[in-house]
2 protein chains.
Amino acid sequence: MQKEHNLSKNQKIIFDLIDKSGGPMKAYSILFNVQKKGIKAPLQVYRALDKLVEIGKIHKIESRNAFIACQNSSCQVSKATAFSICESCENVSEISNSKLSKYLSNFSDNSGMKYNKYNLEFFGLCKKCKSK
Amino acid sequence: MQKEHNLSKNQKIIFDLIDKSGGPMKAYSILFNVQKKGIKAPLQVYRALDKLVEIGKIHKIESRNAFIACQNSSCQVSKATAFSICESCENVSEISNSKLSKYLSNFSDNSGMKYNKYNLEFFGLCKKCKSK
DNA sequence: TAACGTTATGTAATAATATAACATTTATAA
DNA sequence: TTATAAATGTTATATTATTACATAACGTTA
Ligand SMILES: [Zn+2]
Ligand SMILES: [Zn+2]
Ligand SMILES: [Zn+2]
Ligand SMILES: [Zn+2]
């Protein structure tokens with residue numbers, strides 16, 4: 001069961017933009033695209049992004065400083081994320097693999113750390129880029 | 001067998017600083033610390049960092065925009081990295097777990113992606129911070 | 001050594017990413 | 001309603017990273 005979050009005005013504008021784009025978007029590119037809707041300052045964008053990340057509607061691709069809509073309907077919070085990133089065309093997709101997520105969610109070692117979140121980024125070449 | 005890289009002057013200064021610090025360091029903190037050694041501009045730092053990452057002497061902690069000396073003598077290149085990060089004290093350590101690295105290095109799915117690199121960051125509370 | 005290509009350095013300017021501080025408004029719920 | 005939390009608006013600024021161009025040092029081979 002996914003909690004329904006009523007997005008605020010700015011949050012909705014920004015989520016819709018990212019979601020429709022189908023890929024990762026950078027904060028200032030988002031800003032540029034929503035200026036016609038009245039969102040004029042970086043902070044307005046970053047605040048909405050923070051909230052959307054917090055509730056799991058989007059995730060941050062750390063290695064790219066970019067944000068992508070969650071492609072996995074069950075992500076309630078951004079606490080167990082895995083992505084595949086093509087280093088040639090920069091296509092990004094969220095990996096949804098229950099064996100992988102189980103393995104990582106259950107991971108523990110003898111360091112004494114109590115893990116409660118992870119983010120994994122795989123890099124390589126996508127199908128298209130491989131064949132070039 | 002690890003290839004011996006002869007570090008250049010700036011690379012050596014910057015690697016030694018990071019290595020001695022024992023933890024992650026940020027680029028501008030590095031810059032501040034090496035100014036007395038004649039490294040005066042951000043670009044000099046970033047160029048050395050790029051090279052050190054490339055040859056696996058340091059790794060970038062993407063979620064923190066920080067750089068840490070490789071704690072795993074066998075990392076020749078930064079292509080299979082895993083870290084544990086305490087969200088309270090920001091202590092970072094490199095995870096060296098052969099089962100984990102085998103599992104991730106062999107990971108593949110039906111997306112058609114050919115993976116050749118990954119970076120994994122675990123977040124949680126370290127021993128000390130848990131007991132506070 | 002001399003010539004060549006590669007790697008590293010120096011320097012200035014600027015781009016890209018992100019947050020601080022403060023005032024105000026809107027939504028939520030007791 | 002009234003209190004509280006959440007979201008917004010705005011300006012300024014901090015932090016992280018790259019472009020562009022010139023010069024120097026290094027490694028290889030003729
Ligand atoms: Zn997701
Ligand atoms: Zn591709
Ligand atoms: Zn390493
Ligand atoms: Zn800690």
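Per chain, numbering begins at 1; letters A, B, ... match sequence-line order. In this text, all values refer to a predicted model and were calculated from it rather than measured experimentally.
Both A:Gln11 and B:Arg64 lie near DNA chain D, and the one whose nearest nucleotide falls closer to the 5' end is A:Gln11.
Scanning atom types as modelled, one donor and one acceptor separated by under 3.5 angstrom connect the side chain of B:Tyr28 and the base of D:dA17.
Listed candidates were D:dA17, D:dT10, D:dG9. Nearest to the side chain of B:Asn65 is D:dA17. Checking D:dA17, C:dT11, D:dT11 against the side-chain heavy atoms of B:Lys40 singles out C:dT11 as nearest.
Distance A:Gln35 CD to D:dG9 C1': 14 Å, rounded to the nearest Å. In this structure, A:Ile30 atom CD1 and C:dA16 atom P are separated by 15 Å, rounded to whole Å. Separating the NZ atom of A:Lys37 from the P atom of D:dT8 is a distance of 14 Å, rounded to the nearest angstrom. Whole-Å rounding puts the A:Ile13 CD1 to D:dA7 C1' distance at 13 Å. As rounded to whole Å, 13 Å separates atom C1' of C:dA18 from atom CD of A:Glu62. For the pair A:Lys12 NZ and D:dT8 P, the interatomic distance rounds to 13 Å; values are reported in whole Å. In this structure, B:Leu7 places its CG atom 16 Å from C1' of D:dA25, rounding to the nearest Å. When rounded to the nearest whole Å, the span between CE of A:Met25 and P of C:dA18 equals 14 Å.
Using cut-offs of 30° and 60° for the angle between ring planes, the B:Phe122 and A:Tyr118 rings count as perpendicular.
Under 4.0 angstrom from either OP1 or OP2 of C:dA27 there lies no side-chain N or O belonging to A:Ser8. OP1 and OP2 of D:dA17 both lie 4.0 Å or more from every side-chain N or O belonging to A:Lys26.
B:Lys60 comes within 4.0 angstrom of the backbone, heavy atoms only, and of no base.
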Could you list the donor-acceptor pairs under 3.5 angstrom formed between side-chain atoms of residues 17-27 of chain A and any protein atom two or more places apart in sequence or on another chain?
| unit_1 | atom_1 | unit_2 | atom_2 | d |
| --- | --- | --- | --- | --- |
| A:Ser21 | OG | A:Ile18 | O | 2.8 |
| A:Ser21 | OG | A:Gly23 | N | 3.2 |
| A:Ser21 | OG | A:Gly23 | O | 3.1 |
| A:Lys26 | NZ | A:Arg64 | O | 3.4 |

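A donor-acceptor distance shorter than 3.5 angstrom exists from the side chain of A:Ser131 to the backbone of A:Lys128, with no hydrogens or angles considered. The backbone N or O of A:Gln71 lies less than 3.5 Å from a partner atom in the side chain of A:Glu94, making a donor-acceptor pair. With hydrogens and angles ignored, the 3.5 Å screen pairs a side-chain donor or acceptor of A:Lys130 with a backbone N or O of B:Gly112.
Contact record, A:Leu49 with A:Ile58: CD2-CD1, 3.6 Å, taken as the closest heavy-atom pair.
Scanning residues 43-51 of chain A for heavy-atom distances under 4.0 Å to DNA chain D yields A:Leu43, A:Gln44, A:Arg47, A:Lys51.
Side chains of A:Ser8 and A:Asn10: no donor on one and acceptor on the other come within 3.5 Å.
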